[in-house]
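Just so you know, these numbers come straight off a predicted model, no measurement behind them.
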Amino acid sequence: MSSSNHPYHLVDVSPWPLTGSIGAMTLTSGLIMWFHQLKTELLMLGILIIILTMIQWWRDICREGTFQGKHTIAVSNGLKWGMILFIISEVFFFISFFWGFFHSSLSPTVEIGAMWPPMGIKTFNPMQIPLLNTMILLCSGITVTWAHHSLMENNHSQTTQGLFFTVILGVYFTALQALEYYESSFTISDSIYGSTFFMATGFHGLHVIIGTTFLFVCLMRHIMFHFSSKHHFGFEAAAWYWHFVDVVWLFLYISIYWWGS
């Protein structure tokens, strides 16, 4: 290891930003081919490139922070501010969807019959799967907090249990939302209601998948003893992200599923 006279981490040359960009471009092109030509080969290739990039890029970051000691207090503080600003940007991302929903629902135009939901749209019962999903996410917020406090108290087994249950609840939520989409009587092309519903809930579902993956990686790292009671920002960032996902869902449930239907 080379020594330095400053606490900051100047990252090494890495191929992963380039391969990640290639994977993102391939994935986007594959989505277009899937939409227009029903061909999935390029889409699958893009997903494969991104998954391989994620595995190797995260491996390098874990090595830097856990074994090489490059995540000093100054670096950790920078990572914390980066995560905070990222979550703030995600908040405004979802605000745009809520803006579109309330713009159309509070003053429905004559093109949709001057009523909300528009004529012909059969909405979901908010007391069925949406309510169950709400309880699942609230319970997952409890389990991830349990894991966090257990980690700060050096309780390895309870941290493992809390993270395991959080990942299971995240997978369960995604499965129920997929079932809900499968049983939906309307699509994304059905009026402004279908567009706003599937954009808002779909992107939230994508964030749940990302958060579940984030927590699963933290679970694997915890099992391999990468975290300590004082040095575990990777897990802390995942917990922040998961709480953000929970709060967004509460707004989605109240506004789109309950009030909007």
Side-chain angles (χ1 to χ4, degrees), residues 1 7-17 19-20 23-24 47-87 90 136-137 139-175 205-247:
M1 289 178 60
Y8 302 101
H9 176 207
L10 304 180
V11 295
D12 299 325
V13 176
S14 171
W16 312 131
T19 60
I47 293 173
L48 178 63
I49 294 172
I50 288 176
I51 290 174
L52 292 174
T53 299
M54 290 192 312
I55 291 171
Q56 294 170 104
W57 202 344
W58 294 348
R59 176 206 62 192
D60 290 353
I61 294 172
C62 292
R63 183 190 295 133
E64 292 166 356
T66 308
F67 303 113
Q68 296 179 340
K70 293 183 177 180
H71 287 185
T72 61
I73 294 176
V75 173
S76 184
N77 287 336
L79 292 172
K80 287 179 180 178
W81 276 109
M83 192 66 194
I84 289 169
L85 292 173
F86 169 68
I87 290 175
E90 292 283 272
I136 289 169
L137 279 190
C139 290
S140 72
I142 295 171
T143 55
V144 77
T145 303
W146 167 35
H148 193 187
H149 283 272
S150 299
L151 180 57
M152 290 190 292
E153 294 171 3
N154 281 321
N155 192 326
H156 189 271
S157 62
Q158 287 204 12
T159 305
T160 304
Q161 294 171 34
L163 270 172
F164 174 76
F165 285 126
T166 308
V167 170
I168 292 299
L169 289 169
V171 172
Y172 188 27
F173 176 95
T174 302
L206 178 63
H207 282 70
V208 170
I209 294 171
I210 293 169
T212 305
T213 306
F214 202 171
L215 288 167
F216 178 74
V217 171
C218 288
L219 174 59
M220 293 297 102
R221 292 190 65 193
H222 175 68
I223 291 172
M224 294 186 287
F225 296 95
H226 285 191
F227 297 134
S228 70
S229 60
K230 302 295 183 183
H231 190 83
H232 57 262
F233 177 68
F235 170 75
E236 206 168 7
W240 291 355
Y241 188 82
W242 195 251
H243 288 309
F244 157 74
V245 168
D246 286 355
V247 172

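- One N or O on the side chain of His156 and one on the backbone of His222 form a donor-acceptor pair closer than 3.5 Å.
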Stepwise, does the ring pair (Phe, Tyr, Trp, His ring centres under 6.0 Å) test hold for Trp58 with Phe214? CA-CA 11 Å; Trp58 294 348; Phe214 202 171; 7.6 Å; no

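- For the pair Val208 and Thr174, the tightest heavy-atom approach, listed with the atom from each and the gap, is CG1-OG1, 3.7 Å.
- The nearest pair of heavy atoms linking Ser140 to Trp242 is OG-NE1, 2.8 Å.
- For Phe216, the CZ atom is loosely surrounded, since the number of other residues' heavy atoms within 6.0 Å does not exceed 12.
- Side-chain contact between Thr159 and Phe227 is absent, with no heavy atoms from C-beta onward closer than 4.5 Å.
- A donor-acceptor pair under 3.5 Å is absent between the side-chain atoms of Ser76 and the main chain of Ile73, judged by distance alone.
- Note that the CD1 atom of Ile49 and the OG1 atom of Thr19 stand 8.5 Å from one another [nearest 0.5 Å].
- Note that NE2 of His226 and CZ of Phe67 are 3.5 Å apart. Values are rounded to the nearest 0.5 Å.
- The ring pair (Phe, Tyr, Trp, His ring centres under 6.0 Å) test applied to Trp146 returns no partner, not counting sequence neighbours.
- The distance from the CD1 atom of Ile87 to the NE2 atom of His243 is 10.0 Å, given to the nearest 0.5 Å.
- The minimum heavy-atom distance linking Ala147 with Leu163 is given by the pair CB-N, 3.8 Å.
- Looking at Val144 and His148, their side chains never come closer than 4.5 Å, going by heavy atoms from C-beta outward.
- The distance from the CG atom of Leu10 to the NZ atom of Lys70 is 9.5 Å, given to the nearest 0.5 Å.
- Atom OG1 of Thr66 and atom NE2 of His232 lie 13.0 Å apart (nearest 0.5 Å).
- Environment of OH in Tyr172: sparse, with no more than 12 heavy atoms of neighbouring residues, nucleotides or ligands closer than 6.0 Å.
- Every residue two or more places apart in sequence or in another chain was checked for a side chain to side chain donor-acceptor pair (under 3.5 Å) with Gln56, and none qualifies.
- To the nearest 0.5 Å, the span separating NZ on Lys230 from CG on Leu151 amounts to 11.0 Å.
- When all heavy atoms of Gly234 and Cys218 are compared, the closest pair comes out as O-SG, 3.6 Å.
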